[in-house]
Amino acid sequence: MYKIAVIPGDGTGPEVVNEGLKVLNAVAAKTGFKYETTTFDFGGERYLRTGEILPPTAVEELKGFDAIYLGAIGHPDVKPGILEKGILLTLRFELDQYINLRPVKLYPGVETPLKDKGPEHIDFVVVRENTEGLYTGGGGFLRKGTPDEVAIQESINTRKGVERCLRYAFEYCQRRNKQKTLTLCGKTNVLTYAFDLWERAFNEIGEADYPDIKRDYAHIDAICMWMIKNPEWFDVIVTDNMFGDIITDLGAMIQGGMGIAAGGNINPDGTSMFEPIGGSAPKYTGQNVINPLAAICAVGMMLDTLGETEAAQMIEKSVMNVCQYKLKSLSAGKMGYSTTEVGDMVAEGL
Ligand code: IPM
Ligand code: MN
């Protein structure tokens with residue numbers, strides 16, 4: 001019996017989570033696993049109502065679940081940063097979800113903005129470090145608000161944090177068993193401390209423990225270029241938190257948009273959290289027009305991580321069929337179907 005915490009969150013989060021849960025329910029009935037869900041109301045509405053971002057017991061309580069399923073965090077009436085840092089980043093950090101796994105895969109029938117590229121060219125995975133780098137809040141202000149103001153934002157990279165991320169990426173690349181190539185994305189020509197550590201660790205542990213995996217390196221700026229020009233070069237990319245954030249939005253665009261891009265915040269020894277990587281889309285909220293496929297794919301990733309491989313594959317196959325034979329577009333309002341109809345089709349197609 002899997003215990004799943006559900007955080008629908010803000011904006012279109014609840015709408016897409018409903019469709020994900022519909023598909024979860026259907027695939028459980030087909031493959032026979034059992035689960036129960038507990039819903040948490042964390043998000044902008046709760047914060048505006050109570051002034052509380054996360055109750056003090058939230059993290060401990062969430063540790064008791066097998067997985068967390070998250071819709072979206074971000075509210076137009078709340079200053080940017082409060083909910084993102086107070087909920088999303090706090091959960092990633094406190095639950096030590098040190099991997100952010102983001103597949104970039106173009107399904108047949110889905111339109112990519114890349115000319116002359118198809119599903120055979122766009123199929124790679126980004127392993128983003130998820131607890132360190134520029135995201136830790138290291139730094140501060142000096143003389144804030146004066147003409148002599150100083151703002152410092154530090155990138156924290158620990159050997160332990162870098163190494164566990166690299167090991168995960170090497171092992172993921174082995175399991176994936178495609179090109180067996182792991183590309184480190186960095187900026188060793190300028191960030192000569194942070195990425196020196198990354199590069200040394202990459203080569204040391206790669207040579208010692210993963211000799212079957214080919215190691216490749218590219219600077220962040222060049223990766224942005226190659227992801228557009230030659231996406232077929234990539235198998236697994238590993239990178240730090242900030243660079244990973246940036247290149248996975250680029251990745252989402254070449255795989256058809258935010259409507260299909262899912263990610264997992266993974267603690268291999270603890271509770272992981274799965275989410276569509278797009279935001280709360282306030283302008284589409286409540287209209288039954290948002291694309292739920294990213295949220296549905298996040299359920300697939302959750303089941304894969306829980307070991308329900310067959311269920312995960314069934315979901316992916318059904319999503320692929322809906323993309324190829326049903327939807328006119330993956331964009332909100334242009335799919336040719338409503339949010340709930342897309343969820344129904346995926347559930348029925350399993
Ligand atoms: C993401 C988002 C978050 C991030 C924001 C909302 C804090 O952009 O999941 O990629 O930067 O990690
Ligand atoms: Mn992002």
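Residue indices begin at 1 and follow the sequence shown. In each ligand, atom 1 is the first atom listed, and ligand 1 is the first ligand listed.
- Those atoms of ligand 1 that come under 4.0 Å of a heavy atom in R128, given as number and element, are 1 (C), 4 (C), 10 (O), 11 (O), 12 (O).
- Using bins of under 30°, 30° to 60° and over 60° for the plane-to-plane angle, the ring pair Y217/H219 lands in the perpendicular bin.
- Nearest to atom 2 (C) of ligand 1 among the protein's heavy atoms is D245 OD1, 4.0 Å.
- A donor-acceptor pair under 3.5 Å is formed between the side chain of T339 and the backbone N or O of V289.
- Atoms of ligand 1 found under 4.0 Å from any heavy atom of R92 (numbered from 1 in listed order, with element): 1 (C), 4 (C), 9 (O), 12 (O).
- The single protein non-hydrogen atom nearest to atom 5 (C) of ligand 1 is L88 CD2, 4.3 Å, given as residue, atom name and distance.
- Looking only at atom types and distance, the side chain of D96 has no donor-acceptor partner in the side chain of N267 under 3.5 Å away.
- When the heavy atoms of K85, E275, R102 are ranked by distance to atom 1 (C) of ligand 1, first place goes to R102.
- Using modelled atom types and a 3.5 Å distance limit, the side chains of S318 and E316 yield no donor-acceptor pair.
- Among heteroatoms of the N, O or S kind in D245, OD1 lies nearest the Mn ion (ligand 2).
- Per-residue contacts place E84 under 4.0 angstrom from the following atoms of ligand 1 (heavy atoms of the residue considered): 6 (C), 7 (C).
- Between Y210 and F170, the ring planes lie parallel to each other; the angle is under 30°, not in the 30° to 60° tilted range.
- Not a single donor-acceptor pair under 3.5 Å links the side chain of S338 to the backbone N or O of N288.
- Counting only heavy atoms of the protein, atom 4 (C) of ligand 1 lies nearest to Y135 OH, 3.5 Å.
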